[in-house]
Each structure stands twice: as C-alpha cells, then as structure tokens.
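Everything on this sheet refers to the single structure shown next.
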Amino acid sequence: MIRLGILVSGSGSNLQAIMDSCVCGDIDGMVAVVISNVEEAYALKRAENYDIPTKVISHEHYPDRVNFDMQLVKTLKEFDVGLVVLAGFMRILTPEFLKHFPGRIMNIHPALLPSFPGLEVRQKAIDHGVKLSGCSVHFVDDGVDTGPIIIQAAVPVYPDDSKEELKDRILALEHKIYPRAIQLFAQGRLDIVERKVFIRDQVKEKTAYMVNPPLED
Ligand code: GAR
C-alpha cells in the first residue's frame, strides 16, 4: 500500500478527494502525512478530521529555498513516503528536493498544459478567449509545470465566464483525475519514456472528443 505525503498551501479540496479515495478503496494507499507551508491552511483541518498527521513548515522560517526544501524532505522521509503529491502547494521545489524523490512527485495544475503554466491561469484562459480549458496531472521536473503529463481533462470555457465559475468547473474534474493518477502510480502502471507517460493496459477510447461550442444547436 503506497504511503502518500501531501503538500498543501490552501483549501485542500484535492486533498479531500484523495483522502476519500483512500478510504473508499479507489486508491490502494494511505495519506501518511500532510505538510502545509501556510499555518492557517484549511487543508490542515481536513487532515485532522481524518486523524492524519499534519506538519506546518513555513518557508518564512528558513534562510533560503534549499533549507526549506531539506526540511520538507526530512519530514517526508520520517513518514516513509513513497509518492509526494502536490495539492495546491504554491511553492516551487528546488532540484535538491527533486533528487530525493526521482519520478515520485506529482502535481495538479488548473489548465491544459503546456498552455497557461504558472499562476492566475484561469483568468489568463478566459482573457485569451480559449473555448476549452481543464486540468493536468503531471510528474514534477525542474521547470514550472513542465513535467511529463499523466492525465488531462477538458471543460468548456464560455466568454462570459467569471474566474470563479471556471475554477469550480475545473476543480470538479481535478477531484476525479488526481485520485485516478495516484491509483495508476500505486498500481505500478505508469512508465515514463523521455517525456511521455505510458499507461499499462490502458483502454484506448479513440472516439472520445469534446467540441465547444457544439457542432449542432
Ligand atoms: C487547485 O485548483 C490546483 O489545481 C491549483 O491550486 C488549487 C488548489 O485547490 N494548483 C496550482 O495552481 C499549482 N500551480 P485545493 O487546495 O482546494 O486543492
């Protein structure tokens, strides 16, 4: 059973979906520890409600990013974590962190990468006028939102969308694809070849597509 170390900074709705998936058996794993760099993060409450150990490690208390990251690594290793899951963790990890968990760090991003990496991406998608956006689960490499993509899901974007409307539409899908990606990892079904992720025994749905606006009224 895989031991997950989840890093958070905010509300923790993805954490909630992952904890629920562990409880109901959709993920063959358990959340070993939840670490927040923000003391007031609601995600910590969610973890406490499930009796999951929590730690606050504030980046503000460390002289530089490497020292902060090394404290994260030490804590994750204390809890014998097999997969590091970034769930709304708003810090960029250093190469020093990455080398402790090669191929074992995942992130979720609220856009269809490689479009709109970085911050404020829902507003950027609306302002650009895209018709489809979505979310991406990817392995973390040393770039910003550049690692090999595991799963993506698309939603329509409407010209009069508010940032909140698009956020909610995307978040509902995040809660489905993140547990799925973690379960594929837990089952040992993900192979990374260069920057492509191959999923063993994947059902290939060749007729699935989404058009927005629809082709017919
Ligand atoms: C999610 O929308 C996630 O995709 C995003 O932060 C939100 C966290 O929500 N992550 C990033 O933007 C990372 N670059 P949550 O705390 O409710 O899970």
Side-chain angles (χ1 to χ4, degrees), residues 4-23 26-27 31 33-50 52 54-59 65 68-69 72 83-94 97-98 101 105-128 130 132-157 161-182:
L4 308 173
I6 310 215
L7 305 192
V8 297
S9 302
S11 146
S13 69
N14 277 288
L15 166 68
Q16 185 74 53
I18 293 163
M19 293 188 303
D20 288 339
S21 296
C22 289
V23 169
D26 285 350
I27 295 176
V31 181
V33 63
V34 172
I35 304 174
S36 176
N37 66 315
V38 177
E39 197 172 348
E40 317 78 57
Y42 185 65
L44 293 166
K45 290 268 172 306
R46 295 184 192 264
E48 285 160 15
N49 290 341
Y50 280 58
I52 289 167
T54 61
K55 299 278 177 191
V56 176
I57 301 175
S58 170
H59 55 283
R65 288 174 57 207
F68 169 65
D69 278 8
L72 294 177
L83 178 68
V84 179
V85 176
L86 311 186
F89 182 64
M90 304 312 265
R91 306 290 302 172
I92 293 170
L93 297 169
T94 57
F97 182 104
L98 303 186
F101 294 96
I105 311 169
M106 278 185 195
N107 183 42
I108 189 150
H109 183 75
L112 290 177
L113 292 170
S115 293
F116 307 115
L119 297 175
E120 297 298 326
V121 299
R122 303 164 195 96
Q123 192 61 55
K124 284 178 186 160
I126 292 168
D127 292 346
H128 193 88
V130 297
L132 295 172
S133 189
C135 44
S136 309
V137 180
H138 63 94
F139 285 111
V140 174
D141 66 8
D142 57 5
V144 176
D145 303 318
T146 52
I149 294 166
I150 304 163
I151 304 190
Q152 295 186 301
V155 299
V157 182
D161 266 341
S162 69
K163 189 171 72 173
E164 287 308 312
E165 285 171 317
L166 183 57
K167 177 183 171 181
D168 290 346
R169 200 175 302 134
I170 292 174
L171 208 47
L173 274 182
E174 292 187 32
H175 300 160
K176 294 184 193 300
I177 68 169
Y178 215 177
R180 177 69 183 149
I182 293 167

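Read the numbers this way: they start at 1 and go in the same order the structure lists the ligands and their atoms.
A distance-only check finds no donor-acceptor pair linking the side chain of S133 to the backbone of A111 [under 3.5 Å].
Between N107 and ligand 1, no N or O atom pair is found at a separation short of 3.5 Å. Between M90 and ligand 1, not a single N/O pair is under 3.5 Å apart.
With a heavy-atom cut-off of 4.0 Å, V8 does not touch ligand 1 at all.
Scanning all protein heavy atoms for the shortest distance to atom 14 (N) of ligand 1 gives H109 ND1, 3.6 Å. Of the protein's heavy atoms, G12 N, 2.7 Å lies nearest to atom 16 (O) of ligand 1. Ranking protein heavy atoms by distance to atom 9 (O) of ligand 1, first place goes to N14 ND2, 4.1 Å. Remark: minimum distance from atom 3 (C) of ligand 1 to any protein heavy atom is reached at E174 OE1, 3.3 Å. The nearest protein atom to atom 6 (O) of ligand 1, hydrogens excluded, is given as G88 CA, 3.7 Å; this is a heavy-atom distance.
Put simply, the side chain of V85 does not reach to within 4.5 Å of the side chain of I108, judged on heavy atoms.
Nearest to atom 7 (C) of ligand 1 by heavy-atom distance, out of R91, R122, H175, K167, is R122.
Taking the six-membered ring for Trp and thresholds of 30 and 60 degrees, H59 and F68 have ring planes more than 60 degrees apart, a perpendicular arrangement.
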